[in-house]
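To find a chain, count down the sequence lines: A is the first, B the second, and so on, and within it residues start at 1.
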2 protein chains.
Amino acid sequence: MPSGPFDIALIASGDPAECPVRDVLVHFGGKWNTLILLCLGSAPHRFGGLRRRIPHISKRMLTTTLRDLERDGFVSRHAFPTKLPGVEYRITGLGHSFLDPLYGVLVWADGHHADIRRARAGYDVKANGQARELSERQPSTHPTR
Amino acid sequence: MPSGPFDIALIASGDPAECPVRDVLVHFGGKWNTLILLCLGSAPHRFGGLRRRIPHISKRMLTTTLRDLERDGFVSRHAFPTKLPGVEYRITGLGHSFLDPLYGVLVWADGHHADIRRARAGYDVKANGQARELSERQPSTHPTR
DNA sequence: CGGTATCCAGCGTGATACTG
DNA sequence: CAGTATCACGCTGGATACCG
């Protein structure tokens, strides 16, 4: 099924605000979104718990990303009004259903990581070789500034 | 299968350059990457052909994104040295295999678009309501600049 | 046709300090 | 504990002009 063409117009259609797919792709673009979703997918977490499980995230980015995910209905926030504030984040049904396609990407990434690195290395040596070739023949067409 | 937890460390591990998953997620993050991949997935395209099929893309962004995809082995470039330059871009085996997880995401996005919009609208009215409530009680704690 | 070069605005992200 | 406020900065992407 996934082998058929997908309608380009669905993504590229005029107004970006009207595009369904971009709304979703945003959650891949963010640096922390997938991490947080993955964490919450395994179990509910408190704010501090998330910070501990996600190595380099700052409080600010954790907050803003959680707000984003909450806004789009991927996670829900539950604050219990104890003396010291305690807040738990859980994944919603919508968020959970999103884990399936996400895992698909992750599995692919894991399986093809080596291929990508190899392609990249090959491309880079080729690019460097050409640059050297050019600069040897024409010391400076563009005077480097 | 996709229901099991995925190792967070795989994504969050110390050095970002060492992370396999981020290498792939980059291709979702870019504004044009998925569009181009989708186009080339249906058939090989010339540079100009891609520009025509992807509404608002500039020459610069088309070039840079194609280079990115080429570097990572998703597409290949074939220039035939005719009088007027002609260049064809094709999707590679690696790129084609990536279409499967990509379609997974796209299908999900299409199916849950309405849910996201609804969640977003609900969140926004709630946020606005709270803001109004606050400003009515305390005219200006922070003098708004 | 298929690009490069250059400049620039905006946004995403990080660091730090303060708050209830 | 769970944030918010503020500033700084780099990178992405857009506009424009030029090139072989």
Chemist: Mind calculating the distance between CE (B/Met61) and C1' (C/dT4) to the nearest angstrom?
Modeler: 14 Å
Chemist: Report yes if the side chains of A/Ile36 and A/His45 come closer than 4.5 Å at any heavy-atom pair, otherwise no.
Modeler: no
Chemist: Send over the distance from A/Glu88 CD to D/dA2 P, rounded to a whole Å.
Modeler: 10 Å
Chemist: Quick one: is D/dA2 close enough that its OP1 or OP2 comes under 4.0 Å of any side-chain N or O from A/Arg52?
Modeler: no
Chemist: In a check of side-chain contact (heavy atoms from CB on, under 4.5 Å) between A/Leu50 and each of A/Thr65, A/Leu40, A/Ile57, which one passes?
Modeler: A/Leu40
Chemist: Would you say A/Arg67 reaches D/dA2's phosphate, i.e. side-chain N/O to OP1/OP2 under 4.0 Å?
Modeler: no
Chemist: Given the structure, check if the side chain of B/Arg60 and the base of D/dG13 hold any donor-acceptor pair shorter than 3.5 Å.
Modeler: yes
Chemist: Less than 6.0 angstrom separating the ring centers of A/Tyr89 and A/Phe74, yes or no?
Modeler: no
Chemist: CZ of B/Arg51 versus C1' of C/dC1: gap in Å, rounded?
Modeler: 10 Å
Chemist: If you check every side-chain atom of B/Thr63, which of D/dG13, C/dG2, C/dT4 has the closest atom?
Modeler: C/dT4
Chemist: Can you check the B/Ile57 CD1 to D/dA15 P distance for me, whole Å?
Modeler: 12 Å
Chemist: Quickly work out the B/Leu84 CG to C/dC1 C1' distance and round it to whole Å.
Modeler: 6 Å
Chemist: Looking at A/Asp68 and A/Arg71, does any basic side-chain N land under 4.0 Å from a carboxylate oxygen?
Modeler: no
Chemist: Is A/Tyr89 near enough to D/dC1 that one of its side-chain N or O atoms lies under 4.0 angstrom from OP1 or OP2?
Modeler: no
Chemist: Check step by step if side-chain contact (heavy atoms from CB on, under 4.5 Å) holds for A/Phe28 and B/His27.
Modeler: CA-CA 9 Å; A/Phe28 283 99; B/His27 297 295; over 6 Å; no
Chemist: What is the separation between atom CG on B/Leu62 and atom P on D/dA15, rounded to the nearest whole Å?
Modeler: 15 Å
Chemist: Figure out the NE2/P separation between A/His78 and D/dA2, and round it to whole Å.
Modeler: 14 Å
Chemist: Which nucleotide in the list D/dC18, C/dC1, C/dC18 gets nearest to the side chain of B/Lys59?
Modeler: D/dC18
Chemist: Rounded to whole angstroms, how far apart are CG on A/Asp68 and C1' on C/dC11?
Modeler: 13 Å
Chemist: Classify the side chain of B/Lys31 and the base of D/dG13 as holding, or not holding, a donor-acceptor pair under 3.5 Å.
Modeler: no
